[in-house]
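So the structure is just underneath, and the comments pick up after that.
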Amino acid sequence: MSLEHNFSLSEEQDMIRDTLRKFVADVAQPAALAADEERAFVGENLSGLAELGLLGLPVSEESGGLGLGMLSFSIALEEIAKACASTAVLMLTQAGLCARALEGIESASELLGEIIAGEKIAGFVGPESGIIAAESGDELSLSGMVELCIAGEKADLLILMAKSPEGENLLLRLDAGQFSASPRHSLGFRAAGPAAISFAENIPGAAILVRGEAADRAIEVAHLAGQIGGAAIALGTAQSCIELSMSYAKERMAFGKPLARQQAVSHKLVEIYRSRDAARHQTYHAARLADAGQDCKAEAMMARLAAQEAAVLAGDEGIQIHGGFGFTTEYHVERHYRDAKTLEVLHQGPDRMRDCLGSEIGTLS
Amino acid sequence: MSLEHNFSLSEEQDMIRDTLRKFVADVAQPAALAADEERAFVGENLSGLAELGLLGLPVSEESGGLGLGMLSFSIALEEIAKACASTAVLMLTQAGLCARALEGIESASELLGEIIAGEKIAGFVGPESGIIAAESGDELSLSGMVELCIAGEKADLLILMAKSPEGENLLLRLDAGQFSASPRHSLGFRAAGPAAISFAENIPGAAILVRGEAADRAIEVAHLAGQIGGAAIALGTAQSCIELSMSYAKERMAFGKPLARQQAVSHKLVEIYRSRDAARHQTYHAARLADAGQDCKAEAMMARLAAQEAAVLAGDEGIQIHGGFGFTTEYHVERHYRDAKTLEVLHQGPDRMRDCLGSEIGTLS
Amino acid sequence: MSQSEDNHIVDFELSADLQELRARARAFAEEELAPHAGDWDRKAEFPAEAIKKAAQLGFLRLTIPERHGGLGRGSLASCVMLEEINAACPSTGVTISVHNSLFCAMLAKWGTEAQMQRCFQKLASGEWLGAYCLSEAGAGSDAAALQCEAKKDGDHYVLDGPKLWITSGSEAGIYVVFARTSEDRTRGISAFLVERELAGVGIGRKETKLGIKASPTVEVLLDSVRVPAENRIDEEGQGFPIALDTLDGGRLGIAAQSLGIARASLGLIKAHLAKQVDAKGRSRSSQSSQWAMADIAADLDAARFLTWRAALLRDQKKPCGREAAMAKLMTSRLANRAARAAVTIIGPAAGSGASAAERFLRDARITEIYEGVTDIQRLVVARAELAT
Amino acid sequence: MSQSEDNHIVDFELSADLQELRARARAFAEEELAPHAGDWDRKAEFPAEAIKKAAQLGFLRLTIPERHGGLGRGSLASCVMLEEINAACPSTGVTISVHNSLFCAMLAKWGTEAQMQRCFQKLASGEWLGAYCLSEAGAGSDAAALQCEAKKDGDHYVLDGPKLWITSGSEAGIYVVFARTSEDRTRGISAFLVERELAGVGIGRKETKLGIKASPTVEVLLDSVRVPAENRIDEEGQGFPIALDTLDGGRLGIAAQSLGIARASLGLIKAHLAKQVDAKGRSRSSQSSQWAMADIAADLDAARFLTWRAALLRDQKKPCGREAAMAKLMTSRLANRAARAAVTIIGPAAGSGASAAERFLRDARITEIYEGVTDIQRLVVARAELAT
């Protein structure tokens with residue numbers, strides 16, 4: 001069976017994949033199980049990726065990145081998520097959400113460099129958190145709180161999208177002391193420093209990086225990166241569940257033959273393979289459109305929805321195929337299941353995504 | 001929202017689509033409802049397609065066709081199926097199954113020309129019917145019967161795939177008198193002359209067109225055309241359900257606002273749109289691989305499964321969105337629902353397809 | 001805990017009496033309906049003779065009070081009977097369901113003794129079928145949007161405006177018509193008994209449909225129909241509550257129809273798989289088919305209990321809106337799933353119409369639409385859940 | 001129709017007696033379990049104190065015969081109690097379920113009076129928890145593939161070989177161990193009572209798991225354990241039938257656990273949506289969330305009846321293999337669906353662990369695995385369907 005055409009990659013993309021495969025095999029994979037179990041922040045992986053220059057992967061060359069675009073970024077995230085979705089979601093947060101939101105903002109160019117270099121860890125708070133920032137004199141008062149912020153536990157700073165009480169978009173930078181993080185015993189992404197965030201009082205007005213159209217642009221760019229990058233992470237966990245389940249099912253004997261020769265098991269594998277395949281088409285398609293500078297809001301949301309559905313299904317069926325073993329941590333599938341499900345409640349939830357998709361495809365017009 | 005990239009077409013393909021849109025609007029669409037209701041064979045549509053040269057669309061130029069390949073063929077089938085899936089499945093049968101199976105078989109070259117020209121209508125019986133052809137002296141004895149043969153009612157001849165008792169593949173041509181057709185009151189494709197087929201006794205051995213490797217090739221080519229072409233038909237019915245439901249939901253008022261502004265309805269539209277979108281990616285991908293001469297058995301099966309699932313879902317939800325109106329014939333969605341569901345039991349059923357996919361993706365290896 | 005509740009003991013078996021009713025209904029369905037249902041469907045032919053036989057066997061007077069010549073049975077008995085009839089012929093099933101659940105049970109609950117006296121004899125004998133005229137072109141799920149007018153004129157009302165999607169409309173002898181007596185969206189609706197023979201009552205177009213083709217669905221035209229005031233059911237303005245209450249019962253009728261379709265589809269799957277044995281009698285049917293069958297079988301038993309629970313509540317005159325909606329919600333989706341699975345599993349023979357599976361697939365589709373579309377059932381259940 | 005069936009009357013309400021049991025179990029669950037369940041889960045800590053309280057309240061002797069100091073209740077009572085406990089803490093739920101459904105009920109049915117006399121006092125008081133040792137590394141769904149050996153040696157058996165995935169294995173005072181007494185695949189298996197204190201009994205590794213983390217799942221090592229022959233339950237070779245019969249009861253325990261998880265998840269959804277009101281108190285929660293809630297609510301009621309039906313059959317000593325499998329099949333899938341829906345609807349707060357929803361999601365996952373994976377339930381149902 002061939003995976004060519006829609007899935008065919010450029011030489012550059014193949015190179016990135018190869019680099020990452022080595023990094024994953026040597027670094028991310030061996031640490032993944034214990035890091036998850038102990039809820040230990042995989043900061044070293046982040047440093048490793050920074051050393052490889054990959055935290056600037058989707059960032060334009062003018063802004064100090066590699067300028068390789070969303071498709072390459074997706075391929076990278078997928079590859080990492082196969083081993084450790086916590087590392088992948090951290091990379092998405094640094095390179096996809098924070099770094100891309102800061103691109104082109106002059107006052108943030110130093111910060112952008114530090115994030116790409118892995119010198120600073122930034123948490124990201126998107127518009128879905130509904131933070132309101134009221135200005136009064138030279139100070140800001142933030143209302144709302146963030147239930148689940150990736151990297152929050154270890155964040156040196158936050159990149160935060162808020163609205164003024166009048167509804168204007170604001171892009172904020174909050175530094176240490178301006179927010180506090182409470183580590184959370186989360187369902188997934190346990191090694192990515194998940195935390196709840198609350199805000200200090202009287203934040204200086206200088207925390208506002210940009211507002212109005214410039215903030216709109218940052219929100220849009222980050223949103224798109226989140227949708228496509230999130231889809232790519234989901235593809236990675238799904239792929240891993242497929243591979244793990246396939247090899248388990250071929251080895252495990254039951255009723256005198258390998259599990260994989262039970263039609264019911266074989267069909268489960270087929271179903272998760274099919275849904276991952278379809279989701280990958282949608283993801284790469286959205287990424288290619290983004291790289292071509294075309295409007296792809298709907299495509300990105302469809303990709304994210306399809307990929308996270310495929311990932312939850314693959315995790316669920318992966319556990320089922322593994323039977324009792326699948327319920328234990330050491331077979332990895334339960335971790336993928338948790339990470340996939342957590343992805344679904346991160347950024348924009350599926351309900352809201354369907355609302356937006358409705359607008360995009362014109363049901364509401 | 002953009003449909004570029006994976007869905008972008010060549011100029012030639014755009015031209016075919018435009019030609020067909022005119023044909024559909026002028027000829028196929030106006031007749032579709034009544035033809036289905038009266039179970040009237042849409043032979044004129046077939047003639048019309050032949051006049052446009054489109055019954056040779058996927059057939060190589062050496063064999064007298066247009067040599068435009070599976071992607072163009074899929075686009076054509078999709079376009080026609082939006083209006084009349086009976087016409088589309090007839091086109092698939094003539095141009096995709098029979099014509100392509102006969103390509104390169106010298107003794108059938110005249111027949112191939114007649115099929116492309118619309119001068120002969122051929123029914124097609126695939127290997128899934130499990131017909132056994134036992135040779136004895138100069139005669140053949142066929143065992144088995146065909147429950148659902150498209151065009152069977154009006155067929156001048158049958159192209160039939162059988163096995164010898166030893167398991168060798170045989171490709172047969174059965175002419176008038178060698179088979180009999182009983183028209184069937186079928187669930188769908190009512191205007192495509194569906195019939196059950198039984199066989200006469202003592203068929204001359206000359207009915208065998210080719211055997212062995214040549215027959216294997218014919219079966220493989222026809223199978224692939226059936227999977228990809230079937231997927232394309234499903235895409236067409238799904239697309240039509242989406243368009244019909246979308247415009248109905250925008251116009252129909254309930255509880256003081258358009259139906260489409262009910263979140264539950266808008267989300268239904270989003271779901272059928274998403275599944276059609278994913279299935280179209282898989283279908284075009286498989287078609288492109290086929291046109292590039294690459295192995296695409298798995299991709300073709302995944303496309304067919306996804307597209308027919310999307311079509312049944314779109315028909316089902318399309319009816320639901322239309323409420324009581326959807327249950328009546330004049331709103332078209334019930335017809336699409338029946339045609340989509342019938343597609344699922346035509347050629348290879350989903351259960352068997354999943355078995356084959358299992359082999360392809362390696363669960364059974 | 002109240003004293004009365006002390007008597008409860010969980011029991012999932014039907015009483016001997018209801019088992020006997022079930023056996024009679026099953027025999028009728030197998031003998032009088034099953035052999036002809038395919039033909040009626042293909043010809044879109046109303047099964048007039050079978051309905052007569054149903055009347056002779058008492059199936060049309062199940063919910064009519066005993067004092068009016070009926071059997072005085074309730075929703076549970078109706079559900080038990082209707083499942084059997086629908087497992088053979090859903091067109092006959094909906095005809096009998098509307099007659100019993102929407103018309104006779106409604107009249108028995110809301111009508112005056114005089115109205116009952118006048119109507120029930122003919123309804124019990126089958127001389128009259130009852131029909132229920134609520135829907136209009138602009139008022140489907142949003143029933144309160146209805147526009148049919150009823151203007152008071154002395155001791156009469158004058159009814160004007162077409163009614164759409166009326167089951168048995170062309171065959172019925174009497175209708176209950178919901179019409180607008182004032183502008184108030186819900187409190188402006190009243191219910192009237194309208195004999196077919198009244199001047200101005202006409203039958204409009206007959207729908208050509210996906211399924212239940214042997215049950216005529218027609219437009220009922222009301223053109224200045226003068227209806228005596230004594231034909232009004234309950235007070236003026238009480239129409240909407242009556243309609244909603246009656247729909248609870250009607251929903252159970254459709255739930256029972258759905259159970260019948262699901263059971264018939266399961267039966268077709270079982271028969272198909274049972275044929276697939278090797279020379280030694282071992283099953284060679286695929287796991288995927290067997291698993292689908294197992295899921296449907298489990299859900300069917302569960303859905304039946306859900307239906308019976310709601311019917312029992314209704315018979316006990318307890319609130320059952322939530323429970324009836326749950327029953328229709330689950331059973332109607334199951335009927336469609338089971339019928340689709342049957343077609344898939346049986347394959348080309350089902351697609352070609354050689355198996356009844358494709359008829360059940362087409363018939364099943366209406367169960368998610370009439371007497372409240374699926375989303376309306378969800379709305380009712382969601383409201384009830386959030387109120388507790 | 002037999003005479004006895006004449007007494008049936010459909011009833012979906014629990015008797016006063018069972019309602020009272022339910023209220024007691026609910027109070028225990030809300031007071032003693034719910035406030036701590038999250039903590040126990042995070043620390044993977046066995047709730048020893050809560051189990052002691054459960055013993056004091058009689059929850060550990062529900063299925064022990066009255067003559068042996070128990071309450072002499074059956075499967076229906078167990079299901080009613082277990083749903084409540086699991087709606088607060090599925091780890092405690094499975095601990096009590098295994099003790100009651102797999103151990104005590106098994107011993108009450110298959111043990112000798114002497115065995116009961118010896119064991120039930122300690123089991124009733126909570127001094128002993130019971131555990132069930134069937135699975136092995138190479139024998140999960142295919143239980144008959146077990147390899148643990150029991151060699152006859154005079155008036156003793158010598159048991160050898162590890163048992164895997166033993167719920168409460170590290171906390172139990174006594175095990176029932178299924179071991180091979182001859183080579184025949186199914187008729188070569190026998191069941192033995194094995195006290196924890198016997199020489200050679202050891203506890204192997206403890207599993208680190210996705211859910212039910214406060215219920216220790218361990219390996220039980222049997223290293224030349226000499227067990228007196230009078231500890232054998234029933235005849236030699238009867239182990240497999242005993243295991244299968246016991247699993248019918250155990251499956252109902254897991255069905256009840258699933259009901260508890262589904263109900264708790266539904267409750268979390270309801271609480272979340274109830275908070276989403278505008279200034280005027282009107283709901284502003286989305287239809288999609290409300291609809292999902294409605295579907296789950298309907299399926300939950302239906303699944304509960306399916307479970308109670310099977311439990312009632314088992315209590316009446318009627319065959320219930322098909323019905324118990326149906327119950328576990330439907331309830332376990334529902335528990336997972338409901339818990340996943342709760343996480344989706346509640347959103348980031350659920351993902352971050354601020355809502356119990358994520359714990360129920362993790363706990364739910366085991367219900368499709370233990371005491372027969374989903375595909376085995378389907379197999380049982382499919383076989384039964386095709387046999388009728």
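Numbers restart at 1 for each chain; the letters A, B, ... are given by sequence-line order, proteins then strands.
Only one option out of C/D375, C/T374, C/I254, C/V373 pairs with C/E368 in a side chain to side chain contact (heavy atoms under 4.5 Å, CB included); it is C/T374.
Between C/E207 and C/R205 there is a salt bridge, since at least one side-chain N of the basic residue sits less than 4.0 Å from a carboxylate O of the acidic one. Salt bridge C/E219/C/K163: absent, no basic N to carboxylate O contact under 4.0 Å. A salt bridge is absent between B/E334 and C/R362; no separation between the charged side-chain nitrogens and carboxylate oxygens falls under 4.0 Å. A salt bridge does not link B/K268 with B/E271: none of the charged nitrogens is closer than 4.0 Å to a carboxylate oxygen.
Contacts of B/Y337 with chain C are made by side-chain atoms alone, with heavy-atom separations under 4.5 Å and no backbone atom involved. Residue C/R185 touches chain B through its side chain alone, counting heavy-atom pairs closer than 4.5 Å. Residue contact with chain C, scored on non-hydrogen atoms closer than 4.5 Å, involves the side chain of B/R338 exclusively. Only the side chain of B/E37 comes within less than 4.5 Å of a heavy atom in chain C; its backbone stays farther off. Only the side chain of B/V312 comes within less than 4.5 Å of a heavy atom of chain C; its backbone N, CA, C and O stay farther away. Contacts between B/R252 and chain C at a heavy-atom distance below 4.5 Å involve the side chain alone, from C-beta outward. Looking at B/R352, neither its backbone nor its side chain comes within 4.5 Å of chain C, counting heavy atoms on both sides. If you measure heavy-atom distances from B/Q320 to chain C, the contacts under 4.5 Å come from both the backbone and the side chain. In this structure, the portions of B/I319 lying under 4.5 Å from any heavy atom of chain C include both its backbone and its side chain. With a threshold of 4.5 angstrom between heavy atoms, C/I346 does not approach chain B through any atom at all. Looking at C/I376, only its side chain comes within 4.5 Å of chain B, counting heavy atoms on both sides.
Checked by atom type and distance alone, the side chain of B/K341 never pairs as donor or acceptor with a backbone atom of B/G315 at under 3.5 Å. The closest donor-acceptor contact from the side chain of B/R304 to the backbone of B/G226 lies under 3.5 Å. With hydrogens and angles ignored, the 3.5 Å screen pairs no side-chain donor or acceptor of B/E317 with any backbone N or O of B/I272. Although no hydrogens or angles enter the test, the distance criterion places no donor-acceptor pair under 3.5 Å between the side chain of B/R39 and the main chain of B/P194.
C/S91 is not listed as a side-chain neighbour of C/W40, based on a closest heavy-atom distance of 4.5 Å or more.
With chain C as the partner, the residue from B/G256, B/G324, B/G188 showing the most heavy-atom pairs under 4.5 Å is B/G324. The candidate from B/G323, B/A264, B/A196, B/G349 with the greatest count of non-hydrogen atom pairs under 4.5 Å with chain C is B/G323. When the candidates C/R365, C/E358, C/K209 are compared by the number of heavy-atom contacts under 4.5 Å with chain B, C/R365 comes out ahead. Options B/T328, B/D351, B/L187 differ in how many heavy-atom pairs under 4.5 Å they form with chain C, and the most are formed by B/L187. The residue among B/E128, B/R184, B/R335 with the most heavy atom pairs within less than 4.5 Å of chain C is B/R184. If you tally non-hydrogen atom pairs under 4.5 Å between each of C/G140, C/A139, C/G138 and chain B, the highest count goes to C/G138. With respect to chain B, the highest number of heavy-atom pairs below 4.5 Å among C/A145, C/G38, C/A137 belongs to C/A137. Ranked by heavy-atom pairs shorter than 4.5 Å toward chain B, the options C/S141, C/A354, C/S352, C/G211 are led by C/S352.
Side-chain contact of B/E344 with C/T344: a donor-acceptor pair under 3.5 Å is present, judged by distance alone.
Between B/Y331 and B/F325, the ring planes lie tilted relative to each other; the angle falls in the 30° to 60° range.
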